[in-house]
Trainee: 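Once you've had a glance at the structure underneath, I'll fire off some questions.
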Amino acid sequence: MYEDRLTDTVSTRVVRTAEFDLLRSLTQEPGSEGRLIAVLGEPGSGKTHLLSALARERQWTALPATVYRCSSGDRERAMNAVRKLLWRARRAGEREGGDRPVIGLARRRHRPDRELVVIEDAHLADDQTIGELVGIAGGDPAPLVDVIVSLRPRQTPDRLAEAVSVTAAFGRTVRIELGPLDDEQMLAMSPVPAPYELRHRSGGNPFNLRALQALEHSARGDGALAPYEFAVMSEVRDLTLTERYALHAAAILRSRFDADLLAEVAELDPLVASAALRRLVRRDLVRVEPIGTLFSIRDEVFGTLLRQVIDPCWAALAHQRALHRLSARGQAGTQIGFHLVSSLSRARASELAQIVDASQEIMETDVSECVSWLTPVLGEAPVSTEIGVRARLALSTAFGRLGRMPESRDLLFVVHESGAAVDPAALAEQVAFVSVVEGVLSQDVQTLDLLGDLLGRPDLRGSPVWPRLVLARGFRVSMLGRTASRAETEPALRAARAAGDDPVAAGLLGLGALASVAAGDVDRALAEADAAAESLDRTPEHLMARHIECLLLAGLAYIYLGRNADAQRQVGRGVEIARRRQRPFLLPTVLVLLSETERHLGRLRQARDAADAAIVESDAGNPLRHAQAVALKSAAEVWMQPPGSGRAKSLAQQALAQQALTGAHVNGSASIAALTLAKCAWLDGDPTHCVTLLLNEGRGADMQVIPSGSRLTIWETLCAAGLDAGIPLDDWARRAQEHARAVPVPPNLAYAAMTRGHLLRVQGSPGEAVRCYREAADLFASVGMPVEQSYALGQAARALGEQGRAEQAAHMVGLAAEIARRSEAVTLLDWLGRRTGRPAAAPAPHPGARQEVFGRLEVFGRLTHREREIALLICSGMKRRDIADRLTISMRTVDVHLTRIYRKTGVSSRMELALAIQRNTAGQEYATRF
């Protein structure tokens, strides 16, 4: 089966730690009664891997697990053994009547006292065994062993599925569903991280991910595919010949086919094919589409592996039959492209053109499929032909969308240097696209010269592609830390508007806003950024997916203007589109921008999570973005790490080391990391080291090597540290105020006010300093920067304390601490306590947790007195019969009350109900304190 092969081919590390811990705790609970535990998951979801880990752990105890596997081909012997053990456990329960005394918890803490029976693939058990399992689920009588069954939801017999669902609702049975793995779990499966493309295609299924990696390696001739092919062959080995032909035809057709089409491709009688199809659906090898009477192979990975073992001659003829039938039905190119490629026997120009057309249609929904269709065309169509040029340009686009830039760039230059007749507009469009992707990835500038040559061609000046070329060069210039020329962007903007090209016009407006910010024209920059955002908002997603650089430009402009909420909205949309539209190469860049905006908005946890995601997505092939993501994570950790943890310092040092290896400093990660290190030194009580670090990074006080957007933050930190170290601040404060006057956006003005406050305190005017700090706090609040607002208020409190105004200082600290708590700024709270002579306040709980606590309080309050009483008794471990006897009511009444309790509280098991009651108690304590 799937999990058999998965267990043999991957490491033994368990990534489903939550489910594993739950299974371990359930099978080690003290008590005389066992229970049924159902582990449900799709094929390949890791059920066997999880249960094998549990059995291995129990091998070191006195009662190891007994494991049986059901199979449709050889189940009589195994089923007899399973039934014998289950029957013995149930008979023991009948003899003892469930009254066996419970041994103390301390004695059972490290060693379970119940045996464990694991029945894998229990959905394949015979009717008699299913009946035994249904009885165990009902607990009539309860077994003396724990029984774990692994089930596939679509193949589980109805009566067993119903028994598990009903008894799980009353806490008798435990139901554990294995959903798709998240990104962190999938990356933890292997020492070699899987790229986003494979993680997306796998759907979070461990077997599918491993199989896709093996297929990719096998295509390059350096991987073993046999274990995964054998897993598929093992699952279909007991099919009849008719069923096998039907399944192979389903693998050829892949998705959305009807029974008549399957019969023709399989060359079966329609009635015979329909009967075989019904049996395949029951076996969950073929699935019914949600709408209509269409069918699909179980999943694409299963179908791909199955096609690997089909006789190639039969498969080629089956593809031809499918192609002829689909063409007769008038199906679109996307429906027949796969069969054209698979049945291509000789180079026919019409078929090659159909494949290229179909690949361009499917590129928006499945880039990997597009690549697989176009690759064989290159061997049939030389670059000197029209179809060869079209195929190479289309494949260059597909590789670019996957972030495979060397391959994309090579194809582009092959076409450019071939001397073939190429449509200049098509070549220019592709050059612009590749150049933008290079800019997003912070890679080399090989296409910039080619981009400049095309911009200089008079025949392209009046074409619709010319604004796109201007946008591409402006974007590249912006990514290098410079400003695009208005002499070029403004005519291009007029041309884009005249052509109705809203995304390109929005991108050019974003370039204009960045230029206006650099020139200090804030009003114009705001108008251009808002116009760009308005244009982007009305652009549909499928068009926006081709021009996400426009979202990046608008987001950057808003960040520089201090409009962080607007920046977060644009960049957040970019993240969603990149994920939904399979643009993995964009994720590192948009995620680092998202981390930046979240940090400015005081959402430190979200900023750290976005930086973590950027680290994951950039690890494979984008070292510059990886260093930037690590630096941004350190910037979030500065204020939220526990005091003395050193996490931020360690991350900043890692980012600087990576940045040094790349030899480039255009994305600002070095300055972010250096600022983090400097803040850590200052917070640790070493302001002199803080000053030294910043001056070394800036190559002097003028900070010319630091990106413009980071200079004021650095000057403010220099002044704060210099104030504590007794170093003159005049030069740094003057530079900060000059820079703020040149670019008078609210964050710049706020940081300049902070430096004035620091300088006034040195000059012996703490009262004036307080006014500057309050002005800064108001400016930070106006642009939604709560961490900086809290910090400014803390400095104001220090100045008030220097004046002897203790009561006002205490009030200011309280306000600052409340703001810091909302952002979970633990270190900032500690700084407020240490620097102002007040004890550090505890951070607020995570907003989701607080909402959950009060949600549980509200729900628990809806229970009647009797329902609360029964809930407490059931959670104390009492049986339903004992509860009925104690309360002098019938068991039926207890069941009715339990049904209402589970419905009102939203839980589905006794354990969840116990946790809800514990949260209720914690919530009452929390509400009392706050």
Side-chain angles (χ1 to χ4, degrees), residues 201 208 211-212 214-216 218-221 225 228-229 232-233 236 244-258 260-268 273 280 285-286 294-363 365-381 387-388 390-392 394-395 398:
R201 290 173 59 194
N208 287 356
L212 287 170
L215 285 165
E216 191 176 69
S218 177
R220 297 197 297 262
L225 192 58
Y228 301 93
E229 293 176 343
V232 171
M233 294 173 64
V236 303
R244 194 176 301 275
Y245 276 127
L247 181 61
H248 289 177
I252 295 296
L253 291 168
R254 303 201 298 177
S255 64
R256 300 188 62 78
F257 56 83
D258 55 36
D260 291 339
L261 180 59
L262 179 82
E264 293 196 32
V265 173
E267 293 187 307
L268 295 173
L280 293 176
L285 300 173
V286 173
L294 301 178
F295 303 88
S296 297
I297 198 72
R298 183 170 71 200
D299 61 66
E300 184 52 37
V301 175
F302 173 71
T304 301
L305 292 171
L306 188 59
R307 287 192 293 273
Q308 300 288 320
V309 299
I310 296 176
D311 175 54
C313 296
W314 185 91
L317 293 173
H319 279 295
Q320 290 180 5
R321 291 192 291 271
L323 179 61
H324 294 155
R325 182 61 178 169
L326 289 171
S327 299
R329 292 185 177 187
Q331 294 292 329
T334 54
Q335 299 293 323
I336 64 176
F338 173 67
H339 302 295
L340 279 168
V341 174
S342 301
S343 63
L344 196 62
S345 56
R346 57 191 177 89
R348 289 181 288 188
S350 60
E351 288 185 346
L352 296 177
Q354 280 183 291
I355 293 172
V356 174
D357 291 339
S359 67
Q360 290 177 326
E361 290 180 33
I362 204 174
M363 192 180 298
T365 56
D366 195 337
V367 185
S368 301
E369 182 88 339
C370 174
V371 170
S372 69
W373 290 5
L374 287 169
T375 302
V377 176
L378 267 60
E380 302 287 344
I387 192 64
R390 285 182 56 207
R392 284 164 176 80
L395 188 55

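It should be emphasised that the depicted structure is a prediction, and the values quoted were computed from it without experimental measurement.
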Trainee: Nearest 0.5 Å please: distance from the CG atom of Leu306 over to the CG atom of Leu247.
Mentor: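 These two atoms lie 5.0 Å from each other.
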Trainee: Drop me the distance from Ser368's OG to Glu216's CD, to the nearest 0.5 angstrom.
Mentor: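 CD of Glu216 is found 8.5 Å from OG of Ser368.
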Trainee: Is there a side-chain contact between His248 and Asp311 (heavy atoms, below 4.5 Å)?
Mentor: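 With C-beta onward as the side chain, the pair stays apart.
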Trainee: Provide the closest heavy-atom pair for Leu378 versus Ala391 in the form atom of the first, atom of the second, distance.
Mentor: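 What the structure gives for the nearest pair is CD1-CB, 4.1 Å.
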Trainee: Can you see which heavy atom on Pro376 is nearest to which on Ser372, and at what distance?
Mentor: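 Heavy-atom minimum between the residues: CD-O, 3.2 Å.
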Trainee: Counting C-beta onward and ignoring hydrogens, is there a side-chain heavy-atom pair between Asp357 and Arg390 closer than 4.5 Å?
Mentor: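 A side-chain contact under 4.5 Å exists here.
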Trainee: How far apart are the C-alpha atoms of Arg329 and Asp260, what are their side-chain angles, what is the distance that settles it, and do they pass the salt bridge (Lys or Arg N to Asp or Glu O under 4.0 Å) test?
Mentor: CA-CA 12 Å; Arg329 292 185 177 187; Asp260 291 339; 5.5 Å; no
Trainee: Which value, rounded to the nearest 0.5 Å, describes the distance between Arg392 atom CZ and Ile387 atom CD1?
Mentor: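 Arg392 CZ to Ile387 CD1: 10.5 Å, rounded to 0.5 Å.
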Trainee: If the threshold is 4.0 Å, N to carboxylate O, is there a salt bridge linking Arg254 and Glu300?
Mentor: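 Yes, charged N to carboxylate O under 4.0 Å.
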Trainee: Compare every heavy atom of Ser359 with every heavy atom of Cys370, then report the nearest pair and how far apart it is.
Mentor: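 Looking at all heavy atoms of both residues, the shortest contact is SG-O, 3.4 Å.
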Trainee: Grab the two heavy atoms, one from Val301 and one from Ala211, that are nearest each other, plus how far apart they are.
Mentor: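 Where Val301 meets Ala211 most closely, the heavy atoms are CG1-CB, 3.7 Å.
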Trainee: So, does Ser342 use its side chain to make a donor-acceptor pair with the main chain of His339 at under 3.5 Å?
Mentor: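 Checked: no pair found.
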Trainee: Going through the distances and angles, do Phe302 and Ile297 end up as a side-chain contact (heavy atoms from CB on, under 4.5 Å)?
Mentor: CA-CA 8 Å; Phe302 173 71; Ile297 198 72; 3.8 Å; yes
Trainee: Please examine the side chains of His319 and Phe338, heavy atoms only from C-beta on, and report whether any two atoms are closer than 4.5 Å.
Mentor: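 Phe338 reaches His319 side chain to side chain.
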Trainee: Rounded to the nearest 0.5 Å, what separates atom CD in Gln354 from atom CG in Leu323?
Mentor: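 It comes to 7.5 Å.
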Trainee: Just how far is it from atom CD1 of Ile336 to atom CD of Glu351, taken to the nearest 0.5 Å?
Mentor: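 Between Ile336 CD1 and Glu351 CD, I get 9.5 Å after rounding to 0.5 Å.
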Trainee: Decide yes or no on side-chain contact (heavy atoms from CB on, under 4.5 Å) for Leu326 and Leu261, but give the supporting numbers first.
Mentor: CA-CA 9 Å; Leu326 289 171; Leu261 180 59; 4.0 Å; yes
Trainee: Output yes when Arg201 and Asp299 qualify as a salt bridge under the 4.0 Å nitrogen-oxygen rule, no when they do not.
Mentor: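 Salt bridge flag = no for Asp299 with Arg201.
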Trainee: Cation-pi between Arg321 and Trp314: NZ/CZ under 6.0 Å from ring centre and within 45° of the ring axis?
Mentor: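 Relative to the ring axis of Trp314, which defines the angle, Arg321 lies inside both limits.
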Trainee: Quick one: pull up CZ in Arg256 and CZ in Phe295 and give me the separation to the nearest 0.5 Å.
Mentor: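 CZ of Phe295 is found 12.5 Å from CZ of Arg256.
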Trainee: For a quick test of reading the model, state the closest non-hydrogen atom pair linking Val286 to Phe257 and the distance between them.
Mentor: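 So the minimum-distance heavy-atom pair works out to CG1-CZ, 4.3 Å.
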Trainee: For the residue pair Ala249 and Val265, what are the closest heavy atoms and their distance?
Mentor: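 Looks like CB-CG1, 3.9 Å.
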